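Quick notes on the structure that follows.
Just so we're on the same page: letters track the sequence lines, and every chain starts at 1. Computed from a predicted model, the values in this text were never measured in an experiment.
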Number of protein chains: 2
Amino acid sequence: MSDRPAYERGTGFLLSRLGSLAARSWAAFLAEHEVSPGQYAVLVVLNEQGPLGQVSLARSIAVDARNLVAVLDSLSERGLVGRAADPADGRRRVVSLTPAGKSLVDDLATAAARGQDDFLRALGTRDRDRFTDLLRRVYDSHTG
Amino acid sequence: MSDRPAYERGTGFLLSRLGSLAARSWAAFLAEHEVSPGQYAVLVVLNEQGPLGQVSLARSIAVDARNLVAVLDSLSERGLVGRAADPADGRRRVVSLTPAGKSLVDDLATAAARGQDDFLRALGTRDRDRFTDLLRRVYDSHTG
DNA sequence: TATTGTTATACTCTATAACTATA
DNA sequence: TATAGTTATAGAGTATAACAATA
């Protein structure tokens with residue numbers, strides 16, 4: 001086990017603190033490519049799941065739909081996503097990835113894989129895979 | 001492996017996103033006890049490591065020393081920590097936990113252990129232990 | 001000159017409230 | 001009435017710049 005009282009460094013505490021560190025590191029990496037973490041999350045989800053309405057998109061990235069508006073505005077201005085009115089439902093605006101957006105996601109993802117090495121330097125190759133697997137399972141349980 | 005392109009959901013992306021979720025959940029729990037995440041982090045570190053100067057303390061919780069000042073002011077006003085001038089170095093102010101602070105940390109840690117169950121519902125008991133261990137190793141590698 | 005602690009300020013992320021339009 | 005999208009605004013968390021006191 002540990003030489004410290006385990007309850008003081010429970011998973012919630014650790015995940016919250018480490019997540020804060022990771023978010024800073026991640027934002028700094030993305031900033032070099034002039035993309036915010038929220039923008040990248042949108043691009044990734046659209047690339048994986050295809051076009052989505054804004055409410056579905058917001059839930060998929062665990063962001064409030066109100067705060068998604070400005071993110072989509074900025075992505076749209078840069079030509080990375082498009083918003084099209086849904087003919088079947090006048091309220092909906094379907095968001096989709098443009099070819100330029102698709103190209104950017106692929107490039108960033110490749111670069112990001114290299115950038116992670118330093119942050120996870122405490123773990124060996126096998127533990128990194130285990131870690132990523134556990135993270136994904138917990139993450140997916142919260143975003144559906 | 002996965003049915004999705006693994007590079008898109010690398011560890012940096014997942015940790016940053018999940019950490020954001022965990023931080024919200026964690027802050028909500030602490031708010032019920034009128035404590036902020038930053039305040040709790042200070043209390044935990046002081047409880048583990050004993051009295052510290054503000055620069056050492058800031059590094060231990062991975063927070064900028066400038067942003068630590070207001071946190072310590074609020075904790076001091078509530079009588080949870082004390083700041084004493086260091087006789088050996090006039091610049092330093094040594095921060096230490098008061099009995100009331102120590103008591104609060106212990107109570108919160110016990111309550112937090114119960115509150116984590118829902119957030120980690122996707123993992124079994126053994127995987128939770130593995131997850132916590134991996135988190136701690138990565139976290140410690142960044143905070144010394 | 002370097003370090004400790006501090007203030008002021010700005011920027012990002014998130015949350016609260018209220019609104020429009022469509023169903 | 002319920003839902004999709006939007007706006008305005010306020011609150012945390014963090015980062016940049018500059019400063020005083022001490023080493």
Look at the aromatic rings of B:W26 and B:Y40 and report parallel, tilted or perpendicular, splitting at 30° and 60°.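 Aromatic pair B:W26/B:Y40 classed perpendicular.
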Before accepting this row, confirm whether a basic side-chain N of the pair A:R130/A:D127 lies closer than 4.0 Å to the acidic partner's carboxylate O. yes
Residue mapping more 5' on DNA chain C - nearest nucleotide basis, B:S20 or B:Q54: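 The residue whose closest nucleotide sits nearer the 5' end is B:Q54.
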Output the single nucleotide from [options] whose closest atom is nearest the side chain of [X].
{"X": "A:S36", "options": "C:dT7, C:dC13, D:dG13", "answer": "C:dC13"}
{"X": "B:R91", "options": "D:dA17, D:dT7, C:dA2", "answer": "C:dA2"}
{"X": "B:D64", "options": "D:dT3, D:dA23, D:dT16", "answer": "D:dT16"}
{"X": "A:V55", "options": "D:dT7, D:dT22, D:dG5", "answer": "D:dG5"}
{"X": "A:N67", "options": "C:dA18, C:dT14, D:dG13", "answer": "C:dT14"}

For [X] and [N], what is the distance between atoms [atom1] and [atom2] respectively, to the nearest whole Å?
{"X": "A:L68", "N": "C:dA15", "atom1": "CG", "atom2": "P", "result": "14 Å"}
{"X": "A:L30", "N": "C:dC13", "atom1": "CG", "atom2": "P", "result": "10 Å"}
{"X": "B:L72", "N": "C:dT4", "atom1": "CG", "atom2": "C1'", "result": "13 Å"}
{"X": "A:D73", "N": "D:dG5", "atom1": "CG", "atom2": "C1'", "result": "11 Å"}
{"X": "A:R93", "N": "C:dT22", "atom1": "CZ", "atom2": "P", "result": "12 Å"}
{"X": "B:R83", "N": "C:dT4", "atom1": "CZ", "atom2": "C1'", "result": "12 Å"}
{"X": "B:R66", "N": "D:dA20", "atom1": "CZ", "atom2": "P", "result": "16 Å"}

Where the side chain of A:R121 meets the backbone of B:S141, is there a donor-acceptor pair that is under 3.5 Å apart? yes
Base of D:dA4, side chain of A:D89 - is there a donor-acceptor contact under 3.5 Å? no
If you go through the side-chain atoms of B:R92, does one of them form a donor-acceptor pair with the base of C:dT4 closer than 3.5 Å?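 Side chain to base: no pair present.
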Return the CG to CG distance between B:L97 and B:L52, rounded to the nearest 0.5 Å.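 B:L97 atom CG to B:L52 atom CG measures 11.0 Å (nearest 0.5 Å).
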Got a second to check how far A:E32's CD is from A:L108's CG, nearest 0.5 Å?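 Rounded to the nearest 0.5 Å, the CD-CG separation comes out at 10.5 Å.
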Using the closest heavy atom to pick a nucleotide of DNA chain D for each, name whichever of B:V63 or A:V94 lands nearer the 5' end. A:V94
Applying a 4.0 Å non-hydrogen cut-off, can you work out what A:R24 is touching in the nucleic acid: base, sugar-phosphate, or nothing? sugar-phosphate
